[in-house]
Amino acid sequence: MSLSKQEMAALVARDIPHGAYVNLGIGQPTLVADHLPEGSGVVLHTENGMLNMGPAAQGDEADQDLTNAGKQPVTELPGSSYFDSAASFAMMRGGHLDVCVLGAFQVSASGDLANWHTGDPDAIPAVGGAMDLAIGAKSVFVMMTLFAKDGSPKLVPACTYPLTGVGCVDRVYTDLATFDLTADGVVVRETFGISYDELAERLDVPLSR
Amino acid sequence: MSLSKQEMAALVARDIPHGAYVNLGIGQPTLVADHLPEGSGVVLHTENGMLNMGPAAQGDEADQDLTNAGKQPVTELPGSSYFDSAASFAMMRGGHLDVCVLGAFQVSASGDLANWHTGDPDAIPAVGGAMDLAIGAKSVFVMMTLFAKDGSPKLVPACTYPLTGVGCVDRVYTDLATFDLTADGVVVRETFGISYDELAERLDVPLSR
Amino acid sequence: MSATICATAEEAVAGIEDGSTVLVGGFGLAGMPVQLIDALIDQGATDLTVVSNNAGNGDTGLAALLARGRVRKVICSFPRQHDSWVFDGLYRDGRIELELVPQGNLAERMRAAGAGIGAFFSPTGVGTPLAEGKETREIDGRTYVLEHPIKGDVALIGAHRADRMGNLVYRRTARNFGPVMATAATTVVAQVTEVVDVGDLDPETVVTPSIFVDRVVRV
Amino acid sequence: MSATICATAEEAVAGIEDGSTVLVGGFGLAGMPVQLIDALIDQGATDLTVVSNNAGNGDTGLAALLARGRVRKVICSFPRQHDSWVFDGLYRDGRIELELVPQGNLAERMRAAGAGIGAFFSPTGVGTPLAEGKETREIDGRTYVLEHPIKGDVALIGAHRADRMGNLVYRRTARNFGPVMATAATTVVAQVTEVVDVGDLDPETVVTPSIFVDRVVRV
């Protein structure tokens, strides 16, 4: 059976090493936090300027001066630290984060990422930290459904949407399969409710396993 | 009569505006601090990472972790702050200091500064913050004797010693005269124990007043 | 030169000229200098270029400044928000110019302005529409795009506490763009919730040293 | 990955390989990681490139490492001191290579390495012997020289206090190169005078966040 969003998040969480420094992108990737086991030692970075961010603030805990990158009120954990935006993005761009988890519109077989703009000429563009996140971490994981609502694959030979980053994605978690994007091509790690052959049939990119 | 080092330092101190942020180079320029009037509001920067540095530490005050750029123990004044070397030199290079006072081997009529190396091929070179100091402040003042021990002028048409910075010096304080280095040439501001005509005779650079 | 402690936000924004580039701190409401923006609206300067992470929310603050037609151009990373209807309308009508900059490049370009860096090679945005037309270079096997400083005539920032010299500390993630903008503008104006005596801030914990700060107002 | 609290300086410097580039903090004695340098001397790695503001004083610390012939090259701003006879001798004998870098460029080049900047245009050193052979460019009427990052395999720094996650605070001007070197090396080792529990450092006052620190030892 295909995976739910929560099941995908649990898979990602399983693959995050103990003690890793991790940035979870806005949207679906934030679900990963709920699946990190007790004692994982994982430290969450939020690009607006904090390390060791805690869970969402509940009720009275909410503090206008303590938010995540989605501008939602969060909490601090013991051992956290605050820093300015230049330092925060320097940390990211300098490759100090172990893992970044992002959503995507499209990912290409060579690891190009498109997740900031649909290409709609009427859309008001907004990029935020997406391009910095895409190229900054030692490992970049993408979480997305494998097919768009119109049935078109989102793992593609080349992105048709405007790019966020080039050759930056290392691994893709989808509802139907997980993939490693390697120098030798796309490697299927696991499938969920779909056979490898059917997957190969429905995607336009060469696969191996 | 020509000025003593202390009198030169007093002249420089007189010309530092109220509330200015100032870096005093190692050596003679440090004497300027002693001549700043009570309530001058001048804030001293030391490039190893501090603003509002206080006077030299006396006896038990000395703290290995609190020194000036000459590695001498100093003190902190109320309102001081500490920062790292990247931030300290960013502050300097970014033009945030109002005045920097430096010693020199030679200064050219166009404001080139030579103060880090005599050009002796056997010398072990060392530059420290000299080149950053030379180009960083809104106003760069030089304090030096006007003539070297061998009688050669130190205010010259072009420096023969290796340069520290190009076109960076705004004003030169010497024992015999003070000079403004302007786009229109070298302007004599004051003379001490020497006539303007004699000064013009002994220097190889065109002067005006 | 030493900072001035202003009695009012009006005094703190006095003299901002038409055509100025104004850096405005904040990420959402955290660190947003709300009272200074309101004072700028009253002050009247127009034809402004505003540099900020966002481009206004709802009908107040930056959005109100935009709605009054006072902003010629916005340089920001994330103008589109659920409540950015003022910017959205102006943009669709072609009445405001937008330079969209990735958030990290936005911060680093201001940092470069404050640090005297002439330009720098950033890996962010390479191969994307936001690097189109920009110089690129391969260095040690990686491609970078050349980015230039963004310097402000004025910075309006929100901090937590100032001493009377202008040293600043911030609070939690409200720090965001404040410290970098404070280095990148000719005149830096900080609104704070408290002004303390000189000596009452621990020098080890000062985030923005007084050298960067020109005017402080308690709000 | 999370920092390791080491029991000894020996453990803290274990694994440093021959040929490594080692960033060494400190400005004079302030912030100098004396015990880590001594441990590096015992550890035995050789053919090292050392990046530090100075090149050793007297016969101990860095000077002792140099005296044992373990350093191939020094990248620093100010090797010549009244008591730098070890470096002076090696240099005059042609037994050590020197790359002399203005102090601000030294700091900024390490900052660039830590911040993922490919190269940057600095105004410092333009027109001087230290910029000879380097690319220059005029930007907005000012000339700059292109400077490249300095990245370390290892950084040895001296801080004041660490928590068990590796967050660091420094003391007074001993801060100097520590925070920037901590961002610029693959493995960062900090010696501190005190290790406190997680939660005992105020998150507002942390200078080097734990993400940069790999090993901590109390000395």
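Just so it is clear, the values below take in all heavy atoms, side chains as well, and ignore hydrogens, waters and symmetry mates. In this text, all values refer to a predicted model and were calculated from it rather than measured experimentally. Order of the sequence lines fixes the chain letters, A, B, ..., with proteins taken first and strands second; residue numbering starts at 1 for each chain.
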side-chain contact (heavy atoms from CB on, under 4.5 Å) assessment of Asn57(C) paired with Lys71(A) = CA-CA 12 Å; Asn57(C) 301 78; Lys71(A) 302 187 176 107; 5.9 Å; no
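- Contact count against chain C (heavy-atom pairs under 4.5 Å) is highest for Ala69(A) among Ala123(A), Ala69(A), Ser81(A).
- Annotation: side chain of Asp84(A) is not in contact with side chain of Val207(C) (no heavy-atom distance under 4.5 Å).
- When side chains are defined from C-beta on, Thr173(C) does not count as touching Gln64(A), because their heavy atoms never get closer than 4.5 Å.
- If you measure heavy-atom distances from Thr67(A) to chain C, the contacts under 4.5 Å come from both the backbone and the side chain.
- Within residues 99-117 of chain A, the residues that have a heavy atom under 4.5 Å from a heavy atom of chain C are Trp116(A), listed by number.
- Interface remark: of the candidates Ala86(A), Ala90(A), Gly49(A), Ala86(A) forms the most heavy-atom pairs closer than 4.5 Å to chain C.
- Contacts from residues 178-195 of chain C to chain A, taken as heavy-atom pairs separated by less than 4.5 Å, involve Pro179(C), Val180(C) in sequence order.
- Contacts between residues 86-103 of chain C and chain A, counted as heavy-atom pairs separated by less than 4.5 Å, involve Phe87(C), Asp88(C), Tyr91(C), Arg92(C), Leu98(C), Leu100(C), Val101(C), Pro102(C), Gln103(C).
- Salt bridge present: Asp65(A) and Arg171(C) bring a charged side-chain N and a carboxylate O closer than 4.0 Å.
- Looking at heavy atoms from C-beta onward, Pro125(A) lies out of side-chain contact with Arg80(C) at the 4.5 angstrom threshold.
- Against chain A, the residues from residues 59-79 of chain C that qualify, each with a non-hydrogen atom under 4.5 angstrom away, are Ser77(C), Phe78(C), Pro79(C) in number order.
- With a 6.0 Å radius and a threshold of 12 heavy atoms from other residues, nucleotides or ligands, Lys5(A) has its NZ atom at or below the threshold.
- Heavy-atom pairs under 4.5 Å with chain C were tallied for Glu76(A), Met53(A), Glu47(A), Met50(A); the largest tally goes to Glu76(A).
- For the set Asn68(A), Asn48(A), Val166(A), the entry with the most heavy-atom pairs within less than 4.5 Å of chain C is Asn48(A).
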Given side-chain hydrogen bond (donor to acceptor under 3.5 Å, both in side chains), test Thr124(C) with Asp132(A) step by step and report yes or no.
-> CA-CA 5 Å; Thr124(C) 300; Asp132(A) 305 276; 3.2 Å; yes
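- Put simply, CZ on Arg111(C) and OG on Ser85(A) are 14.0 Å apart, with the number rounded to the nearest 0.5 Å.
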